[in-house]
Asker: 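Sharing a structure with you now.
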Amino acid sequence: MLELRLTQAGLLKKVLESIKDLVTDANFDCSATGFSLQAMDSSHVALVALLLRSDGFEHYRCDHNISMGMNLGNMAKMLRCASDDDTVTIKADDGSDTVTFMFESPSQDKISDYEMKLMDIDSEHLGIPEAEYQAIVRMSASEFARICKDLGTIGDTVIISVTKEGVQFSTKGDIGTANIICRKNTAVDKKEEATVIEMAEPVSLTFASRYLIAFTKATPLAGQVTISMSYDMPIVVEYKMETMGYMRFYLAPKIEE
Amino acid sequence: LKTQLRLEAFYTFN
């Protein structure tokens, strides 16, 4: 028996909207730790790792570990039927091949339930060890989204270079080149606008713009984004959800042959 | 020319 109650359906809606274009089907894993998902895109270039911590839910009952295969597009469709301020309850009985989403309006005068078919998915879980990264940048999530979108219109790849002064995003395309430097800056009006650099060594890596743009669909989840890089390692783009957990995207770099 | 690496180049399947 699984029963998870979350007061803000809006959060779950944003989570689904941010991953449904990257991953078609995925297993949601439910354990005492929380409601989590790890899935790669079909080309195995990008990976999404989501954790919604159990203590972030208003009610969290998960009798034993359970994995539920869902089509994320269909799940997003059902969640779109909830209002952002509805309470959502996710329910599944042991051995059932369906999951139920129940939405309750804040005044309790409208209660809806949507039952969705589960699917069997061969999940390929990657073991991702906790790593020390050579460079970590924290910056405005909306600024990062803007940069990825702007550079994506000019070139297919983005070079991200971190020095202790700041982070540089560069691209090159048929029509020309572009460079954006965000200098470290903590003297800001709103703390989410700060750009903070923690760096052991300068790092410069190349990534496909379209994946970075896809990751920025998670921008509504957090004011700041954390970008972690080490030489010849996948980049990690993380959106932390206050009290609830995180959405992390991993992207393998492009290398010179 | 740059080659796109896959995640399996870095991580192993559990």
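Bear in mind the structure is a predicted one, so any value in this text is a computation, not a measurement. Residue numbers begin at 1 in each chain, while the letters A, B, ... track the order of the sequences.
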Asker: With a 3.5 Å distance limit and no angle check, can you tell me whether Glu8(B) reaches the backbone of Leu126(A) through a side-chain donor-acceptor pair?
Answerer: no
Asker: Indicate the atoms forming the closest heavy-atom contact of Val45(A) with Leu7(B), along with that distance.
Answerer: O-CG, 3.5 Å
Asker: Who are the side-chain hydrogen bond (donor to acceptor under 3.5 Å, both in side chains) partners of Glu198(A), not counting sequence neighbours?
Answerer: Arg138(A)
Asker: Does a side-chain heavy-atom distance below 4.5 Å link Phe207(A) with Lys2(B)?
Answerer: no
Asker: I'd like to know which of Ala46(A), Pro253(A), Pro129(A), Ala208(A) tops the heavy-atom pair count under 4.5 Å against chain B.
Answerer: Pro253(A)
Asker: Please list all pairs passing the salt bridge (Lys or Arg N to Asp or Glu O under 4.0 Å) test where one or both residues lie in residues 156-175 of chain A, with sequence neighbours left out.
Answerer: none
Asker: Using only non-hydrogen atoms and a strict under-4.5 angstrom cutoff, which residues of residues 19-44 of chain A touch chain B?
Answerer: Met40(A), Ser43(A), His44(A)
Asker: Would you find more than 12 non-hydrogen atoms of other residues, nucleotides or ligands less than 6.0 Å from Asp122(A) atom CG?
Answerer: no
Asker: Which pairs, with at least one residue in residues 63-74 of chain A and sequence neighbours excluded, count as a salt bridge (Lys or Arg N to Asp or Glu O under 4.0 Å)?
Answerer: Arg61(A)-Asp63(A)
Asker: Below 4.5 Å from any heavy atom of chain A, which atoms of Phe10(B) appear? Answer side chain, backbone, both or neither.
Answerer: side chain
Asker: Just wondering, are more than 12 heavy atoms of other shown residues or ligands nearer than 6.0 Å to CZ in Arg6(B)?
Answerer: yes
Asker: What is the minimum heavy-atom distance between Gly127(A) and Tyr11(B), and which atoms define it?
Answerer: O-CB, 3.5 Å
